[in-house]
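Below is one structure, written out as C-alpha cells; comments come after it.
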There are 2 protein chains.
Amino acid sequence: MGSAEPSKDTSERGVRGHRTQAERSAHTRAALLDATIDCLIELGYARTSVHEICARAGVSKGAQQHHFTTKADLMAAAVEHLTHRIGEEIVDAAGSLPPGPQRVERGVELLWQGFSGTLSAAVMELWVAARTDAELKAAIRPVDRALGKSTLALFTSLTGESPSERTETLFWLTVNLIRGLALDAEIGGDAVRRKQLLEEWKRILVGTEAR
Amino acid sequence: MGSAEPSKDTSERGVRGHRTQAERSAHTRAALLDATIDCLIELGYARTSVHEICARAGVSKGAQQHHFTTKADLMAAAVEHLTHRIGEEIVDAAGSLPPGPQRVERGVELLWQGFSGTLSAAVMELWVAARTDAELKAAIRPVDRALGKSTLALFTSLTGESPSERTETLFWLTVNLIRGLALDAEIGGDAVRRKQLLEEWKRILVGTEAR
DNA sequence: TAGAAAACATTCCAATTGGAAGGTAAGTTC
DNA sequence: GAACTTACCTTCCAATTGGAATGTTTTCTA
C-alpha cells in the first residue's frame, strides 16, 4: 500500500556526493523499518517501544514522527516491508534449490525455510498483536493475502503442478502445518520431532497426490 | 467466560457466613487468574496490565501482590490455570461426542474444538510473549508438554488406536496443523476454507491410516 | 541566490506502567 | 484470649511510554 511519495523517482540520482531528498527519506524509512523488525524479533511486540526503534535506527524521535505519525503506522508499514523480505527470501531459496524429480519434497522444504525463519517470528508477533488491534489487522490482512498468493504461484510453478483446486488445498494445508510447527519451534519444542513430522508430511503428500 | 465474581465460593461451605482462610485465598487466586485470561483474550498480552487485571478481578493491588509477587508470576500461574481449563474443555467435548465408527474424524474434530477456541487464543498470546521472555518460557514449557501428553492419551483412547509411533506422529501432525489453522482464524482468515482444509485432512488421515 | 518546503533534531509532557511500603483485619494456634 | 500468621487494602513512586511542540539543517525551485 503505497504511502504518499511526494517526489517521483527512487532511481540513481546520487552519482555525486549529495543525496536527493527522496534518497534521504527512503534511507531513514528503511532504517526505521529494519529497526522495527529487529526489535520485534529480539524483544517481541510487547517490549518494543518507539524510543528503542529510533535508537537502533539512529534516527531522532522527530524524524520517526515525520515519516510515521503513530506507532500503528510504523507497525503497519513494517508488515509490508517484512512480507517483502520474506518473499525475497523464498525466491532466493527457490533459486538455489537443485533441480530434480522430487518436486513436492522441494516445495515443502522451500515453504518451511520461508515460514519458519526469524523473519517469520516477527510476522507472528504482529499477527498476534493484530488480533486485538483492528487498525493493525486491517493493515496486515491484504499484505498477507498477497504474500500467500504469490507464494502459491511460486509453489505451483516450481513443482510443476497444474494449478488445480486440489493442489491449492494441499498447499494451504502445508502452509498451515508449517505455521503450527514454526510456533512449536518458537517455544522450544523438539527439533528432531519437528523434522520427523515434516518428513512424514512429505511422504503423505507424495502418496496422496499420486492417487 | 468466567470473569471475576467477588462473592461466591468455589466449594459449598458458605452455608454459614464465615470462610476459612484457604477458601478465601483460593477464591482470590482464581479470580485473579480468570481475570488474567480474560484480559489476554480481550486485550492481548501487550495491553494487559496488572492494574486492569486487579480491577476486573475485584481485587486490590496489594492482594494481587500477596499472591503473585511479580507480573511474570501471575502470567506463569495463568498458563497452568489455562491449560487445565483447556484440558477440561477437551474432556467435556469428548464425553459429549456420539460414539460411532468414525473414530478418526471425531478425534480431529475434538482437537479442533480444544485448540481453536478462545482459550487457545490466550495460550497463543502467552506463547508468543514467552518467545522473548525466558522466565515465562520456562514456566510454560512443562505445562504445555503435560497438556500435550494427556491430550495424546485421551486421543488414542478415544479413537481406540494402539499407541504406535505412527499414531503419535499423526497426532502431532494434526495438533500442529490445527494450531496453524487457529492462527489463521485469529487474523480473520476464510472460515469456509479452513473447514475445507480440515475435511481434506480428515480424508487424508483415514486414507493414510488404513494403509 | 532567495526563500519555500521537506527532512530532521531537541525538548517536553501527560498518562500509564510494574512494583514497593506500610497499615489493618481476619483467621489460626497455643 | 493472647500471640502469631496469613490475607488484604491504600498509597505512593521511579521509570517508561507514545505523542506533541518547537527549533534547525538540508534540498529543491523559481
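On a predicted model such as this, the values are computed, not experimentally measured, just so you know. Chain naming here is simple, since letters A, B, ... match the order of the sequence lines and numbering starts at 1 in each.
- Spacing between atom NE2 of His27(B) and atom C1' of dC8(D) amounts to 14 Å, rounded to whole angstrom units.
- In this structure, Arg179(B) and Trp127(B) have side chains that are in contact, with non-hydrogen atoms separated by less than 4.5 Å.
- Across the protein-nucleic acid pair, Leu43(A) atom CG and dT16(D) atom P stand 14 Å apart, rounded to whole Å.
- Counting only residues at least two apart or on different chains, the side-chain hydrogen bond (donor to acceptor under 3.5 Å, both in side chains) pairs with a member in residues 35-44 of chain A are Glu42(A)-Arg56(A).
- The shortest distance between the side-chain N/O atoms of Ser25(B) and the OP1/OP2 oxygens of dA7(D) is below 4.0 Å.
- Legend: residues meeting side-chain hydrogen bond (donor to acceptor under 3.5 Å, both in side chains) with His67(A), ordered by chain and number and at least two apart, are Thr28(A).
- To the nearest angstrom, C1' of dG18(C) lies 13 Å from CD of Glu135(B).
- For Arg47(B) and dG18(C), the CZ to P distance is 14 Å, given to the nearest whole Å.
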Tabulated below should be each protein N or O lying under 3.5 Å from an N or O of nucleotides 11-13 of chain D; please produce it.
none

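- Regarding Ile53(B), its CD1 atom lies at a distance of 14 Å from the C1' atom of dG19(C), rounded to whole Å.
- The side-chain contact (heavy atoms from CB on, under 4.5 Å) test applied to Ser49(B) returns His51(B), Glu52(B), not counting sequence neighbours.
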Quiz item: Does the pair Arg85(A) and Glu88(A) meet the rule for a salt bridge (Lys or Arg N to Asp or Glu O under 4.0 Å), with working shown?
Solution: CA-CA 5 Å; Arg85(A) 276 178 60 177; Glu88(A) 288 172 12; over 6 Å; no

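- Residues from residues 64-73 of chain A lying near DNA chain D, meaning a heavy-atom separation below 4.0 Å, are Gln65(A), Thr70(A), Lys71(A) in numerical order.
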Output side-chain donor-acceptor pairs under 3.5 Å for residues 142-156 of chain B, partner residues at least two apart or in another chain, one line each.
| unit_1 | atom_1 | unit_2 | atom_2 | d |
| --- | --- | --- | --- | --- |
| Ser150(B) | OG | Ala146(B) | O | 3.3 |
| Ser150(B) | OG | Leu147(B) | O | 3.0 |
| Thr151(B) | OG1 | Leu147(B) | O | 2.5 |
| Thr156(B) | OG1 | Leu152(B) | O | 3.1 |
| Thr156(B) | OG1 | Ala153(B) | O | 2.9 |

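- A sub-4.0 Å separation between OP1 or OP2 of dT10(D) and a side-chain N or O of Ser60(B) is absent.
- Every residue two or more places apart in sequence or in another chain was checked for a side-chain hydrogen bond (donor to acceptor under 3.5 Å, both in side chains) with Glu80(B), and none qualifies.
- Atom CZ in Arg24(B) sits about 17 Å away from atom P in dT5(D), given to the nearest Å.
- Each side-chain hydrogen bond (donor to acceptor under 3.5 Å, both in side chains) pair with one or both residues in residues 128-143 of chain A, not counting sequence neighbours, appears once here: Arg131(A)-Glu125(B).
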Acceptor/donor pairs from residues 186-198 of chain B side chains to any protein atom, 3.5 angstrom cut, sequence neighbours excluded:
| unit_1 | atom_1 | unit_2 | atom_2 | d |
| --- | --- | --- | --- | --- |
| Asp190(B) | OD1 | Val192(B) | N | 3.0 |
| Arg194(B) | NH1 | Asp184(B) | OD2 | 3.1 |
| Arg194(B) | NH1 | Gly189(B) | O | 3.3 |

